[in-house]
Amino acid sequence: MSIGHTLLGLLESGPRHGYDLKRAFDEQFGHDRPLHYGQVYSTMSRLLKNGLVVVDGIEAGDGPERKRYAITDAGITDVQQWLATPEKPEPYLQSTLYTKVVLALLTRRDAADVLDTQRSEHLRSMRVLTERKRRGDLADQLICDHALFHLEADLRWLELTAARLDKLREAVTR
Amino acid sequence: MTPPAGSLLSAEQLRKAYGPTLALDGAEFSIHPGEVVAVMGPSGSGKSTLLHCLAGIVTPDSGTIMYGGRELSAMSDAERSALRRSDFGFVFQFGQLVPELTCVENVALPLRLNGTSRKEAERAALTWMERLEVDDLRKKRPGEVSGGQGQRVAVARSLVTKPRVLFADEPTGALDSLNGERVMELLTDAARSTDAAVVLVTHEARVAAYSDREVVVRDGRSRNMERAV
Amino acid sequence: MSLSTGERPRALPTGPVPDGGRSRTRRVAADLAMGVRFAFTGGREGWTRAVLTAVGVGLGVALLLLTTALPNALEVRHERETARTDITYVDERLPKADDTLVVANVGSDFRDDSIRGRALEPEGPRAPLPPGVERFPAKGEMVVSPALKELLASDSGALLRERLPDRIVGTIGESGLIGSGELAFYQGAEGLAPHIEGGRIVRIDGYGDPNPTSERSDPVLLLLILVIFVVLLMPVVVFIAAAVRFGGERRDRRLAALRLVGSDSGMTRRIAAGEALAGALLGLVFGAGFFMAGRQLAGTAVVFDISVFPSYLNPSPLLALLVAVAVPTAAVLVTLLALRGVVIEPLGVVRAGRPPRRRLWWRLLLPLAGLAMLYPMIGAGRDNGDFNQYLVTGGVVLVLVGVTALLPWVVETVVARLGAGGVAWQLAVRRLQMSSGTAARMVNGIAVAVAGAIALQMLFAGAEGDYTRSTGQDVTWAQMEVTLPSAVPVSSAAAGKLRDTRGVNEVYDYSEGHLGDRALDPEATTTLTVGGCAALREIADLPSCADGDVFAVHGAEWDTGVDMAKLAAPGRKLYLDPSYEGSPKSLEIPWTVPRDVKAAKPRRGLLAGIDRGGVLLTPKAAPDTLAPALEGHAYLRLDESVPDVHDRVRNTVAAVDPLASTVTWTETERTGRFDAVRTGLFVGAACVLALIGASLLVSQLEQLRERKKLLSALVAFGTRRRTLSLSVLWQTAIPVALGLLLASVVGLTLGAVLLKMTATPVRVDWTGVLAMAGIGAAVVLVVTLLSLPPLLRLMRPEGLRTE
């Protein structure tokens, strides 16, 4: 999961202070793993260096959390690209997908697109596996089936999420 | 927009409403000979309606459907029926085999509807039943065979007329995964061997994995995922 | 099981205490009630089924009630008839008194209806009033029955009004009539007394037949009535049996669902029984309604020339109670019987295996047993045919039930052999092969109705031939005979009036009397006929004729057993109107055969094709002394193309002499009543068939709806609508055709046996058979046509949508 893209995405709705970013991140994505300030600081400085964000203002006091960041046009493009690129189908990528969906919703992008793109990618993998299965021996079939069932589970989650996008949008933009 | 070059069956701007519910709202579709296209989407999204329109079972309220250079939506009911008999094949989820007829009679039925003699039709039917590994069921009635066997009989029936387009609506919906996959394998193999195009409506990813590409229908709009690489 | 709990052993301390009888009864009642509820809560379809069942049961109940009421109705009629009897053939003559009344029969015919008419002349203040009449009409007045009043007031009755011009001063009450449709009148008269003679004009001091005879009803008529009721009731019974199975599959599924939530098999059976009970009970209510309506309707119907008042039709309470108990019981039993082969499991219905192949032998046994019951009565005929009602009913019922037993076997056997054909044919045949029982059950009603109707039809045709036996009258010579009372010999004036009547071409008039060789108890008798030469030549071959001649006809069939040479020997003294021992003295007018009596040969001709023997006198040869014993007879040759020519003649005759009577000659005596019965039979059969058609339609639609998905799938791969419609047609037509075929065979057999019972030559009424088969075919066609719109609707692709 890319914390940089996530923080960038969070900035799309408007400039935020570092502490504000961390709180927003924790609220939306960090249910079990809250961000450390250090992580925010290092990520933001990398983004600054790459020109994806600029410092919009500094509040009185010390520390990175006092800086207010704003996203640049390059930053927005970067987020867009990240969202449009499907993840490589592999187990346990829900957290990334989830982040993408939420971020798409937060930035008023089409979250269904994210899901469709991902499904397409998953299907491509599944086609390959299915083809291998058809040609292979029993061992191949069993191995491929294992992978296929996992991918199918992902896809089911995708479908379910797609069906619940409206509810999710309500929840995250509240 | 013109249909993609070389497409056998294509549809543009399909719109179809059942009473107040809009089943299709500007759907597009196209398929090449020998291609297997999965139509996916949540239930109620309009997948089946798209299939029914493409097969000429239902006429869309607006939009055009082209098949082999002819406009399907402009044909009369009788012409479309004749086309379905000669050029299209169908597999549904269930309720499609005539319970009173034996399996071989069921498979021979589309040929007989086309006027083929009973003997000849049943001979052709038996060939296809062999290919789908159900020739031993020829004398049985649908009520006496298992779901997977019945579905294979149905696939044999859909292929017996050597259709150019095979429409399959949730063909494995009532089957367990092993039977479902076997049916899909046989179906796609048979279709590829005759260069038939397959329009496969399914909500199951592992069934869709037998396709060459998928089209997603959501809220009556279709999305071709081919170019999303 | 006893309902009291006290009798059970009390020491059952451990284990579950069995349910007390009381709670068990309550549970049974609860189950039945649940079934009753289900019968009416199936939505529109449930209602349709319940109402259809109820209509079927109701019609059956109404017919049953009518059957039970009919004997009572006939008895009441008979009582009324007896109570108003005035003219009896009793020879003792009453003297005039202040309580006597002279009654003359002035009845007449109008078109094909006969009219009971009486002329009344009270001879004192205590003269008896006829039943239903409040006061005696004066001369020139009459009281009439409501039906006659209506007829006289109508346009078609104008001609009759000419004949009965008296002022209508009242109507005859119900107590004086034997039916609502009876045409009857009482008119006032004067000067009847001098005309009193045996059969037409009598003096009475009261009504009623002094020697009431228990009228033995015609056994053939009784047979007809029995068979009619059996024939009309049987299909209704079969229909009820089929009706309580309506929606069987749906019900089975519902019962399966009940099993799933925990009801045991006994409970489900009780619930099913409750459903059947509901239909039957509603049917009883419908039946009572139909019966009441039918009773009113019966007041306007005329069958067998018989009409009844609604009040006659009161079923005996005991029989009505029997119907009320038997019908629901039967409905429940049929349901339980139908469920016998079915195991209702929580997850569905299991038919107890593949039903075994139907066997023929016991099915054949039923009709054969029926025929065996009828066999002993074969050849009994009308004269000694005291048909045993139970044997007749039982036999006919068994034969007809045999149809319902044989049909499933026939359908199964034939359908199993039906082979190749088009797709539509194949679909239909295969479907029938799968469920020939259902198909046969639906057609059973039609088959029974048609078989019975054909048998009845034959019986009618035969009985009709019997009843309309040739009268021997050759109507090419003359078509009407007018008889004038003795005191009025046919005067030239009367003959002239008849001749002037429109439509009368020729009038031959004679005076006739009864001639015997002795004044008292003559041994040889013949007829004495007075007429002009021209008229006499019409009835005998005369060598020559001049006024004053007398002829004796030799060798006429008319005088079989009489030696004319001896009887009419010249100079022999004969007596006109001789007397007989035990009867009042007649006129006994002596007449001597003249010396110059000429011999004549008989001639067939004018008198309706028969010859005429006896002694023929030209007017000058007949002394005036003979006149009182002579009766005027005029034979009319008519132009029958003139409308109402018969009634015109009757009118003329009534104007000449109200006491004169007319007879219309026909080649065959057609008793119109069979037409009425035949029409009734057709209507009844058509109604029964329509009812069965309705049930066929319902089950057809139910079947189609169950196949909605399949139909849509068939359409998807391009099946023509025509193919599917045709297959629906075949599916109905094949079993119906088989049913009709079997029905024809059984019907013809039964008809032949019944005809043999009445000792009538067996003749097949093919038009009747064809008509019945035609009605059956029409039912198929209508059912198919009516099921087409829903079929086409079901074939719409919307059926493919799973949502």
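In what follows, chains are A, B, ... by sequence order, proteins preceding strands, each numbered from 1.
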Using non-hydrogen atoms only, which part of C:L432 is less than 4.5 Å away from chain B: side chain, backbone, both, or neither? neither

In terms of heavy-atom pairs under 4.5 Å with chain C, which of B:R157, B:E170, B:R85 leads? B:R85

Does the side chain of B:R80 come under 3.5 Å of the side chain of B:T59 through a donor N or O and an acceptor N or O? no

Does a donor on one side chain sit under 3.5 Å from an acceptor on the other, for B:R152 and B:Q149? no

For the candidates B:S81, B:A55, B:A78, which exhibits the highest count of non-hydrogen atom pairs separated by less than 4.5 Å from chain C? B:S81

Would C:T404 and C:N444 count as having a side-chain donor-acceptor pair, cut-off 3.5 Å? no

Go through B:T161 and B:L113 one step at a time and tell me if the side-chain contact (heavy atoms from CB on, under 4.5 Å) criterion holds. CA-CA 10 Å; B:T161 53; B:L113 288 173; over 6 Å; no

Which answer fits B:D77, side chain, backbone, both or neither, if we ask what part of it has an atom under 4.5 Å from a heavy atom of chain C? side chain

Taking side chain as everything from C-beta outward and backbone as N, CA, C, O, which of these in C:T719 sits under 4.5 Å from a heavy atom of chain B? Side chain, backbone, both or neither. both

Toward chain C, the part of B:P163 with a non-hydrogen atom under 4.5 Å: neither

Contacting moiety of B:R112, where chain C heavy atoms sit under 4.5 Å: both

Less than 4.5 Å apart, any side-chain heavy atom of B:V98 and any of C:L427? yes

Would you call the rings of B:F88 and B:Y67 parallel, tilted or perpendicular if under 30° counts as parallel and over 60° as perpendicular? perpendicular

